[in-house]
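Okay, structure first, notes after.
Proteins get letters first, then strands, A, B, ... in listed order; numbering begins at 1 in each. Given the structure is predicted, the values throughout are model-derived calculations rather than measurements.
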Number of protein chains: 4
Amino acid sequence: MAPMAAPDASKRDAILDAALALFAERGFHGTAVPLVAEKAKVGAGTLYRYFASKEALANALFQRSKIAFSSAVLKDVDPGCSLREMFRKTWRNMLAFHKLQPLVLAFLELHHHRSYLDQQSLLVEQRALGPIRDLLAAAQKSGVLKPIGPEVCMALVFGAFVGLLRAAHEGFLSLTPKVIDDTEAALWEAISA
Amino acid sequence: MAPMAAPDASKRDAILDAALALFAERGFHGTAVPLVAEKAKVGAGTLYRYFASKEALANALFQRSKIAFSSAVLKDVDPGCSLREMFRKTWRNMLAFHKLQPLVLAFLELHHHRSYLDQQSLLVEQRALGPIRDLLAAAQKSGVLKPIGPEVCMALVFGAFVGLLRAAHEGFLSLTPKVIDDTEAALWEAISA
Amino acid sequence: MAPMAAPDASKRDAILDAALALFAERGFHGTAVPLVAEKAKVGAGTLYRYFASKEALANALFQRSKIAFSSAVLKDVDPGCSLREMFRKTWRNMLAFHKLQPLVLAFLELHHHRSYLDQQSLLVEQRALGPIRDLLAAAQKSGVLKPIGPEVCMALVFGAFVGLLRAAHEGFLSLTPKVIDDTEAALWEAISA
Amino acid sequence: MAPMAAPDASKRDAILDAALALFAERGFHGTAVPLVAEKAKVGAGTLYRYFASKEALANALFQRSKIAFSSAVLKDVDPGCSLREMFRKTWRNMLAFHKLQPLVLAFLELHHHRSYLDQQSLLVEQRALGPIRDLLAAAQKSGVLKPIGPEVCMALVFGAFVGLLRAAHEGFLSLTPKVIDDTEAALWEAISA
DNA sequence: CATGAATGAGTTTTCATTCAT
DNA sequence: TATGAATGAAAACTCATTCAT
């Protein structure tokens, strides 16, 4: 009944990609399903062969996006490096991801997902943030970071990141290499002990 | 024809308040107009005597909210004080505003308004941020703050603020006085020269 | 949320009447809601102000129909009469009802309602048949009727009645006064001791 | 173009059997074609190699069912016997058929077929009932049965039969041997002169 | 003026049928 | 020949907006 299995993965991806672009731009409630289908170049009914409902589509997209971003954040971050170096790499990863896939972050961070996220998606979100949280917790214990709690630290850094994206998105500033380096340095001062 | 003027301001406010609660919770597209009318205890038709359309209502609400928040941010900030003191006051104002009117910030910051904001609203937003921007620009010129551009500075601080709100909203942390003071100190380190 | 209350009873009745005609002809699943609305001369959305769903409409119609028919069956049946007389009156009531409101019986008896009837409707059906069942049970106890159980007796008589309706409906026979009297006599022989 | 001929009779029967089960339970309009195909363990497209349309399938099923039942009714009815004996045998045949193939009668009698039956099906129905009608006509001429017309007689007996099935189906009574004998006797009294 | 019942265009979703494999 | 993924027309239902009262 619930066709979560994918007979044609490329079509499934096309639908997810179309949904990403539209949800990022207009939000979940502001996007009509036939519009997603049209952008994915499939019939409206076809979409329902891959996702049981509009909500199921949004959840699948949310999970794919969360995993993609959180994987990218810690990519090539060498645990042997100093925390200073790891933070620099992490920050650059985040901005590189934004450059490569701006829609993923626009979808994840510019919108409020509460009204349709299911348990599974919340779980995925928790798991995705786990490694980052753990890293911060260890760094705070070691005394390199301020003892303000890993959640607070994440909220500050990630909030600032989203703030920059949003400002860039709305044309208030441009994410030049200088801005990236400046903000990275500033945030390191904010969180380092 | 276009009844932008309101014969009964209290009724208009009731509609805006109802819209605030519902838009903050479910977003613009997820909220039905008759529901707003019901919550405001007016007839659905009456709402249209005060606002030309659902979009017009959302824009009016956005403007009221932006102005309310930006006024609160600089409230009682003494220009004679040190910038350090002014920043502390500003930060506390932001969190006090959140405590008093959490829905206003939930509406403004948890949702994406692009799809319905009109020129007027964008203008109001610009104007509301002007004084803060000017203050930061002056502080950067004077060398108290890092020379990272007032927009970047605002994006960092305000983004971090929203990040904290969001994390609190989703239950990851609690905005205790200690957290407020810690984050204020951390962000001052981030932006001060 | 569920608008079972009726602001305009005549419109509600118009919808029920339209649904009766269409459901009787094409059945529940074979009838589109907009068709019902059109026949009732209301907008498609209006129908949903009076009935929460297509199922709710069908249940309301079922209940109205069951009550109408079961009331008609025992109408003016004098408990002082002989059972023979009461049966004759009952039989004539059933056929008179059919003549007056053929659609009600077509809806009730030509279709299968299982897939959408709710608990309330089943209860109404039970209650509607109660008096008839009781009458038959008493008559069997008194020895006037064969001791075959009131349910069996009802099934025979009512089944034969529906069989006649169906045959008439399909053009195999005509319900003339002679047929009505003949069948009444025949069925009396079937059930009387 | 119209593949009324079937290359593989067993597959055709599987489809008819699947349709029988589903149509009996949910009715024609309430049953999805892919569901029929799935239950028949054939592809959805295959079904259309055996039946030109959903309607054609329903008509074929109706005809098969009508013929099966009407054949069963007069099975082993010895024309040399008394009419009393023939009626008894007929009645038992009907109930035996119900016991063996309850779905066939549920499909035929619990639903209304008007909206999709074609001319051919109506003809088959007529022909199937012919022998029974002829037998009754002869019996009425001979004076053994009441002179109420063979159609009326059939409507009474067959209607009562369906009434019993329906009551049993809905749990109001159980078709025990005693009930079967009692009703047979009662109906004989109803129709015999 | 205020209302809220009425509406029809728009929403999500289903399904009879086709056709590329 | 058999398949089942694909489809778009149509289903049930919602909602921004209007207008008679």
Side-chain angles (χ1 to χ4, degrees), chain A residues 1 3 5-8 11-12 28-38 40-57, chain B residues 3 6-8 11 28-38 41-57, chain C residues 1 3 5-8 11-12 28-38 40-57, chain D residues 3 6-8 11 28-38 41-57:
Chain A
M1 281 283 152
D8 184 342
K11 202 157 285 187
R12 189 185 139 95
F28 175 79
H29 293 295
T31 303
V33 171
L35 210 65
V36 177
E38 190 189 5
K41 289 177 183 164
V42 300
T46 302
L47 190 149
Y48 284 88
R49 295 191 57 75
Y50 292 85
F51 303 97
S53 66
K54 191 188 182 186
E55 287 208 0
L57 167 59
Chain B
D8 183 342
K11 202 161 280 186
F28 174 78
H29 293 293
T31 302
V33 170
L35 204 68
V36 177
E38 191 191 1
K41 288 175 184 165
V42 300
T46 304
L47 190 148
Y48 282 86
R49 295 199 61 74
Y50 291 85
F51 302 97
S53 66
K54 191 188 185 184
E55 289 207 358
L57 167 59
Chain C
M1 279 283 151
D8 184 341
K11 202 157 284 186
R12 188 185 142 94
F28 176 78
H29 293 293
T31 302
V33 170
L35 209 66
V36 177
E38 190 189 4
K41 288 176 184 165
V42 299
T46 303
L47 190 148
Y48 285 89
R49 294 191 57 76
Y50 291 86
F51 303 97
S53 66
K54 190 187 183 187
E55 288 208 359
L57 166 60
Chain D
D8 183 342
K11 203 161 280 189
F28 174 78
H29 293 293
T31 302
V33 170
L35 204 67
V36 177
E38 190 191 1
K41 289 175 184 165
V42 299
T46 305
L47 190 149
Y48 282 86
R49 296 197 61 74
Y50 292 85
F51 302 97
S53 67
K54 191 188 186 186
E55 288 208 0
L57 166 59

Taking for each residue the nucleotide of DNA chain F bearing the nearest heavy atom, is the 5' side occupied by T46(B) or by K11(A)?
K11(A)
A32(C) backbone acceptor or donor facing K54(C) side chain under 3.5 Å
no
List the atom of A44(B), the atom of A37(B), and the distance in Å for their closest heavy-atom pair.
CA-CB, 3.7 Å
Nearest 0.5 Å, what's the CG-CZ distance between L57(C) and R12(C)?
9.0 Å
Report each atom pair, protein N/O against N/O of nucleotides 11-14 of chain E, whose distance is under 3.5 angstrom.
from: dT12(E); atom 1: OP1; to: T31(A); atom 2: O; distance (Å): 3.2
from: dT12(E); atom 1: OP1; to: K54(A); atom 2: NZ; distance (Å): 2.5
from: dT12(E); atom 1: OP2; to: V33(A); atom 2: N; distance (Å): 2.8
from: dT13(E); atom 1: OP2; to: Y48(A); atom 2: OH; distance (Å): 2.6
from: dT13(E); atom 1: OP2; to: K54(A); atom 2: N; distance (Å): 2.9
from: dT13(E); atom 1: O5'; to: Y48(A); atom 2: OH; distance (Å): 3.4

Roughly, in whole Å, what's the span from CD in E38(B) to P in dC15(F)?
13 Å
Note every stem involving DNA chain F: at least three consecutive Watson-Crick or G-U wobble pairs, i with j then i+1 with j-1, with both distances under 3.5 Å.
E:2-21 with F:2-21
Distance check: side-chain N/O of R49(C) vs OP1/OP2 of dA5(E), anything under 4.0 Å?
yes
Quickly work out the L35(D) CG to dC15(E) C1' distance and round it to whole Å.
11 Å
Could you pick out which residue, L47(C) or K41(B), lies toward the 5' side of DNA chain E when each is mapped onto its nearest nucleotide?
K41(B)
Could you give the distance from OG1 (T31(B)) to NE2 (H29(A)), rounded to the nearest 0.5 Å?
8.0 Å
Y50(C) side-chain N/O to dA5(E) phosphate OP1/OP2 under 4.0 Å
no
Could you report the tightest heavy-atom contact between V42(D) and L47(D), atom names first, then the distance?
CG2-N, 4.5 Å
Over all heavy atoms of both residues, which pair between A56(B) and A52(B) is shortest? Give the atoms and the distance, please.
CB-N, 3.9 Å
